[in-house]
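Lettering of chains follows the sequences in order, A, B, ..., and the numbering in each one begins at 1. The figures that follow rest on heavy atoms only: side chains count, while hydrogens, waters and symmetry mates do not.
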Number of protein chains: 4
Amino acid sequence: MTGPAKPQPKRLPRDKRVASILEAARTVLRDRGSEQFTTAEVAERCGTSEGTIYKYFPTRRDLLVMVAEQWFDEFLGQTYPDRADSPISERLYHAIWWALSIVRREPALTRFVLMELRADPGYRTLRIYRQNRQTVERVMKVVREGQSSGDFRADLDLNLVRDMIFGAIEHQTWAYLRGEGDFSVDASASGIADVVMRGIEVPGAAGDPVARTVKRLEAVVGRLEAKLDD
Amino acid sequence: MTGPAKPQPKRLPRDKRVASILEAARTVLRDRGSEQFTTAEVAERCGTSEGTIYKYFPTRRDLLVMVAEQWFDEFLGQTYPDRADSPISERLYHAIWWALSIVRREPALTRFVLMELRADPGYRTLRIYRQNRQTVERVMKVVREGQSSGDFRADLDLNLVRDMIFGAIEHQTWAYLRGEGDFSVDASASGIADVVMRGIEVPGAAGDPVARTVKRLEAVVGRLEAKLDD
Amino acid sequence: MTGPAKPQPKRLPRDKRVASILEAARTVLRDRGSEQFTTAEVAERCGTSEGTIYKYFPTRRDLLVMVAEQWFDEFLGQTYPDRADSPISERLYHAIWWALSIVRREPALTRFVLMELRADPGYRTLRIYRQNRQTVERVMKVVREGQSSGDFRADLDLNLVRDMIFGAIEHQTWAYLRGEGDFSVDASASGIADVVMRGIEVPGAAGDPVARTVKRLEAVVGRLEAKLDD
Amino acid sequence: MTGPAKPQPKRLPRDKRVASILEAARTVLRDRGSEQFTTAEVAERCGTSEGTIYKYFPTRRDLLVMVAEQWFDEFLGQTYPDRADSPISERLYHAIWWALSIVRREPALTRFVLMELRADPGYRTLRIYRQNRQTVERVMKVVREGQSSGDFRADLDLNLVRDMIFGAIEHQTWAYLRGEGDFSVDASASGIADVVMRGIEVPGAAGDPVARTVKRLEAVVGRLEAKLDD
DNA sequence: GATGAATGAGTGTTCATTCAT
DNA sequence: TATGAATGAACACTCATTCAT
């Protein structure tokens, strides 16, 4: 009655079965959102029974979390070019572009992570929290390196910079996540990178010696300040 | 804690009853979150029946939305000093401070608005959307005036600036909204205002760049001194 | 919010109040059907309170029944030309036409009477049952007179004739009552009258003695048969 | 009378469970009517839970409809003799008799179909609509064949004939459906068939009218004889 | 390992009716 | 006479989770 749902072989080794459930679950999460995500639909879609799902996933929530983690793994697993030679502005742009592209590619999953999981007390104990930090790191690494190279100011509150960048990313994509319209990854990334650059780069970076010295002093003081915060 | 539901007088005039329901609903929303918010508990807490609630609120969701709107009204109703005379940096700081203070005072409600309502298609048709825009406006008005006065760059993408400011506000408060720890409204506001200022103000404006950097270095050193005294 | 509902004077004499309630109730019944008929909507539409309605009508059902009765009264109160001079076929047609025109003019009310009230045990104790019988009488009177005048066969089972006529009327109007399309009162009436006429009029009405005798035999047997059914 | 709900074996194969639910549902429909038909009572009566019912029937209405369809299937499944050799009058009588016998055997279900389902917009998309048409067809087939054989007039409005026959059937059985008294399937069938025959047969057809009347008299007397033997 | 039948504690919502004011 | 606040008993429907087979 509800379509034949490819007649999966009855008995599967643990790995295959888990994989097939996760795949179906991801589809359901994409199509329905986490609110409307039911174990029944997952079972139907992967041609197994709810009982089997509960064999491998103790809880609906665990399944949902696993889907998100696996999805995140795929993104983090993609090779990410270091671009150590590119100018710092280029690298910042690219790191932001990459974060935005995740949102763009998987809105439903992003929404689930940002809105359901992140709001959950205990979020910090999840693997996805650490995965998310990795994403953040890719961007912040560039910022820190910009500081070392003297391109960016040394006295930045890095947490604040982080919050501004990722806050902007989320704000720019809310409408999209809500299903209202689209956004351009390129345009958003270059807009954010641009404002951030101006906000954090060293002003007169030109060439007079006094300015140079001041800049060096600034870097040293910045590092001192950071040490004091520990 | 829940007690025997103080035997409120049976008959109340419409206004009082509505107020009593809203009050109870707000408490439930605070205590349980919107997911676990049940009309049954609201009824019990204000010593009435679910039927009565539905007399005044056609839907669970309507009740929830009304709670949020009423709460937001309270904030918007507070007098907000114009500070037209203060320097632009002061005014920006204050506007951000004000937005942060809303979050600080009512985390549960903020969380509901940001995570449930904002994700809802149709969010834009709600009064709370307009109320939220007012909050945003208080900040953006300052930014636009800064442009008029020549303090801020004229070529800013205002939507991007908005997203960065409010994105940062939200990011800085997530942990708090999740119930993990606290944050300082003052510190957050000054941090955000600071970075934003640098990112959007006209570069060479107040004197030459070297002078400005020196001025900033002074400030940092001042803070270092203060810390050494601790 | 729901329109001002002409500000009826607060205090009305019993008659006026009852009339105003009945009027509103009829409208609601028409617009919503008896299933969706709520006392709340009636109260709102006639600008009074549910309490007042219950002052005059002990029960929702009583109100509904009163609406139907009053409506039927209006139809029965209309002058109905006797047409004693017209040919019998003409008179039969007209009587059927009249019954059909009631259905056509008030489908919602008809539907309520035919489907709700008539199915109700106790239907026979209602005034509407007697009103309905009057309608039936208008048609059957013609049939009986046709028998007296020798136009119609004397051995007719009058109840059966009645059931066929009114059964046909209802069957022809079901789709209309269901809200699916329309029907022509004229066409239906003439169709029904036509078939009925042929079925009940005296066949060859000619004069040979054998036929006469057979006809008499037929009548006798008919009566015998009827007795056996008791 | 309701007893302690015989502790049916907890686990049943799908088919058995569905059958047990349908059986219980049919009983409830019979006892309470469709208005008072609640899923809770069905669950209780077949010793299962409402949840289980909803596993198999997506909706209360679907369950109700299934009950009606299944019941109708039982009737349509019974072998129905073609009687191609019998005289047309006999065949007409029998077809009507058969339709009446359905009503007689299952008044509550008939009432549900005639009054609830038929009034439903969308009635025409239901299987029961087609099942009902089959019943109608059994009668109308005879009528059409009568036309072919020259026994019945060729200029009949078949829809009208249909409406008269089934209208009469329903009218004759209303009181019974309402639970007031009984009716005789034989008597009703022969009455209706009789009047219809006269209304639709070709006047002078098979020889002279006297012959025809005599033929009819024979038939009636034959039936009288049969009755006297009871 | 796999199944799928079973559940039961909810969930929001409805509305005729009552009765203190 | 009129009100309208209050109710409570229902009701259809949901779904994560369990467990006998």
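- The separation between B/Glu44 atom CD and E/dT11 atom P is 13 Å, rounded to whole Å.
- Checked for salt-bridge contact, C/Arg111 and C/Glu106 miss the test: no charged N lies under 4.0 Å from a carboxylate O.
- The closest donor-acceptor contact from the side chain of C/Thr48 to the backbone of C/Glu44 lies at 3.5 Å or more, if one exists at all.
- Residues forming a ring-ring contact (aromatic ring centres under 6.0 Å, His included) with D/Tyr56 (at least two apart in sequence, or on another chain): none.
- The list of salt bridge (Lys or Arg N to Asp or Glu O under 4.0 Å) pairs with a residue in residues 47-68 of chain A, not counting sequence neighbours, reads A/Arg61-A/Asp120.
- Among residues two or more places apart in sequence or in another chain, the ring-ring contact (aromatic ring centres under 6.0 Å, His included) test is passed with D/Phe57 by none.
- Rounded to the nearest 0.5 angstrom, B/Phe112 CZ and B/Leu117 CG are separated by 3.5 Å.
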Notebook entry, point to check: Yes or no on side-chain contact (heavy atoms from CB on, under 4.5 Å) for D/Ile53 and D/Arg17, after CA distance, side-chain angles and deciding distance?
Noted result: CA-CA 9 Å; D/Ile53 292 175; D/Arg17 180 57 78 194; over 6 Å; no
Checklist line | Dot-bracket line, read 5' to 3' along DNA chain E, where crossing pairs take [ ] and | marks a partner on another strand, Watson-Crick or G-U under 3.5 Å | finding: .||||||||||||||||||||
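- In this model, the phosphate group of F/dG4 is not approached by any side-chain N or O of B/Arg14 to a distance below 4.0 Å at OP1 or OP2.
- Residues of residues 30-40 of chain C having a heavy atom closer than 4.0 Å to DNA chain E, listed by number: C/Phe37, C/Thr38, C/Thr39.
- Contacts between residues 55-64 of chain B and DNA chain E, defined by a heavy-atom separation below 4.0 Å, involve B/Thr59, B/Arg60, listed by number.
- C/Asp31 and C/Arg26 are not joined by a salt bridge, as no carboxylate oxygen comes within less than 4.0 angstrom of a charged side-chain nitrogen.
- Residue A/Arg17 has its side chain nearest to E/dT3 when only E/dA6, F/dT3, E/dT3 are considered.
- The interatomic distance linking A/Glu50 (CD) with E/dT7 (C1') rounds to 12 Å, in whole Å.
- Across D/Leu109 and D/Ala68, no two heavy atoms sit closer than the pair CD2-CA, 4.5 Å.
- For C/Ser49, no side-chain nitrogen or oxygen approaches OP1 or OP2 of F/dG4 to under 4.0 Å.
- Distance alone, capped at 3.5 Å, is enough to place a donor-acceptor pair between the B/Gln131 side chain and the B/Glu69 backbone.
- Rounding to the nearest 0.5 Å places CH2 of B/Trp71 at 10.5 Å from CZ of B/Arg30.
- Distance, D/Leu12 CG to F/dA20 P: 16 Å, rounded to whole Å.
- Phosphate contact (OP1/OP2 of F/dA5, side-chain N/O of B/Thr52, threshold under 4.0 Å): absent.
- When the P atom of F/dT18 is taken as reference, atom CD1 of A/Ile53 falls 14 Å away, rounded to whole Å.
- For the pair B/Tyr54 and E/dT13, the criterion of a side-chain N or O lying under 4.0 Å from OP1 or OP2 is met.
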